[in-house]
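Notes follow the structure.
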Amino acid sequence: MLEREIVTLINSQITKEFYSAYLYLDFSNYYEIRGLTGFASWFKIQAKEELDHGLIFSKYLIDRGICKDEFFSFCYCCFQCVIISLWEI
């Protein structure tokens, strides 16, 4: 079993990855609205990459038996927001 401090740090990193994904998505929207589709596309790719990082960390915790309701509800909420935003564009 992982130490609590390690789990806390990994959860913090997951938060940062999802936050970054959302931030990159916002940048993508900014450029898309202004007709700069190349910039928008690049930022959208970066958003997807950050989302993947967060999911990798999440899977790492799941594979090690870290299954707390508050962790999953937080991740699910962030995941939902990012996924919906990424695929609606």
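For reference, positions follow the sequence shown, starting with 1. This is a predicted model, so every value here is computed, not measured.
Within the 4.5 Å cutoff, the side chain of I14 has heavy atoms near those of the L61 side chain.
At a threshold of 4.5 Å between side-chain heavy atoms, the hydrophobic network of Ile, Leu, Val, Met, Phe, Trp and Tyr places I62 and L9 in two separate groups. Cluster annotation: I45 is not connected to L25 through the hydrophobic network of ILVMFWY side chains, with a link wherever side-chain heavy atoms come within less than 4.5 Å.
In this structure, OG1 on T37 lies 11.0 Å from NZ on K44, to the nearest 0.5 angstrom. To the nearest 0.5 angstrom, Q13 atom CD is 9.0 Å from T15 atom OG1. A distance of 11.5 Å separates CG in L55 from CD in E50, rounded to the nearest 0.5 Å. Atom-to-atom distance recorded for S58:OG and I66:CD1 is 12.0 Å, nearest 0.5 angstrom. Summarising the geometry, atom CD1 belonging to I10 is positioned 11.0 Å from atom CD belonging to E5; distances are rounded to the nearest 0.5 Å.
Judged as a side-chain hydrogen bond (donor to acceptor under 3.5 Å, both in side chains), and not counting sequence neighbours, Q46 has no contacts. Under the side-chain hydrogen bond (donor to acceptor under 3.5 Å, both in side chains) criterion, E49 pairs with no residue at all, not counting sequence neighbours.
Hydrophobic side-chain contacts under 4.5 Å tie I56 to no other Ile, Leu, Val, Met, Phe, Trp or Tyr residue. The other members of the hydrophobic cluster of F39, by chain and number, are Y19, L23, Y24, F27, Y30, Y31, L36, W42, F43 (side-chain heavy atoms under 4.5 Å, ILVMFWY only).
Side chain of S12 to backbone of T8: no donor-acceptor contact under 3.5 angstrom is found.
Summarising the geometry of A40 relative to E32, their closest heavy-atom pair is CB-OE1, 3.3 Å, with the distance given to 0.1 Å.
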